[in-house]
Amino acid sequence: MSLSSLSRRHFFGGAASIAAAVTAPRTVFAQAPAAAPEPVPSGPFRIPPLTYPTNAFEPHIDARTMEIHHDRHHGAYVAALNSFAKDHPQIAEKPVLEVLGDLEAVPESIRTGVRNNLGGHANHTMFWEIMGPHGGKPEGEVLAAIDRNLGGLEKFQTDFNAAGGRQFGSGWVFVTVTKDGKLKIETRPNQDTPLMDGKRVLFGNDVWEHAYYLSYQNRRIDYLKAWWNTVNWGKIAQRYAAAKAGTLGL
Ligand code: MN3
């Protein structure tokens, strides 16, 4: 086959394709499925971007669950906060820890909304941060605190899973940390957080069905067990040091 016949064939093929596209009835395009528009929250509150790909935790957490959870669920909390901030800009001006630590100071008309959505924003910001691929194992001071306060790693993980499994309906299971480094397992319903009681959260797991339902359906306990494969213990060690220094944030 000569070069010129190849070129000519490509030329005619290309021209035919263009002609087909130009003369194609409009209905062909109209029938193409339109992508659902993503909510674009605008305002002072932002969703923190993930520092790992959404498929980083497969098979323990599937990519689709990560996408929906981060972009849509967390996105909805952020969008709600931005709508509150339009009329009540003070909720964005004060530090999140301060607002959550004193919900009585929030205007009553938005108090429940701030509790749910700022709680959700804080919980998920922590959640994305303390997960990561190749998360290693607890060691050093964190492991010593787990041994001292929580009966050792195996008992701690069993107790944490059981507490998450017992949380009726939606909520979270946390490990709180005091300024002198003492650890405790605590649960909260909905998007409540120990931050609302002036405590600090070392880390926690989301036991809302949206965190696991696509892969695990009603098997929450299987999700709780598998979730340990996604935990970034290096990040938790940093948070533990920050808690003892009095600088731990969300
Ligand atoms: Mn969630």
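Read the numbers this way: they start at 1 and go in the same order the structure lists the ligands and their atoms.
- A donor-acceptor contact shorter than 3.5 Å is absent between the side chain of E141 and the backbone of A237.
- With the Mn ion (ligand 1) as vertex, H210 NE2 and H124 NE2 subtend 140°, rounded to 10°.
- With hydrogens and angles disregarded, no donor-acceptor distance shorter than 3.5 Å links the side chain of R239 to the backbone of M126.
- The Mn ion (ligand 1) is closest to atom OD2 of D206 (considering only N, O or S atoms).
- Remark: the W172 side chain and the Q191 side chain contain an N/O donor-acceptor pair separated by less than 3.5 Å.
- In summary, no N, O or S atom of H74 is located under 2.8 Å from the Mn ion (ligand 1).
- Residue H69: an N/O/S atom is found under 2.8 Å from the Mn ion (ligand 1).
- Between R111 and E108 there is no salt bridge, since none of the side-chain N atoms of the basic residue sits less than 4.0 Å from a carboxylate O of the acidic one.
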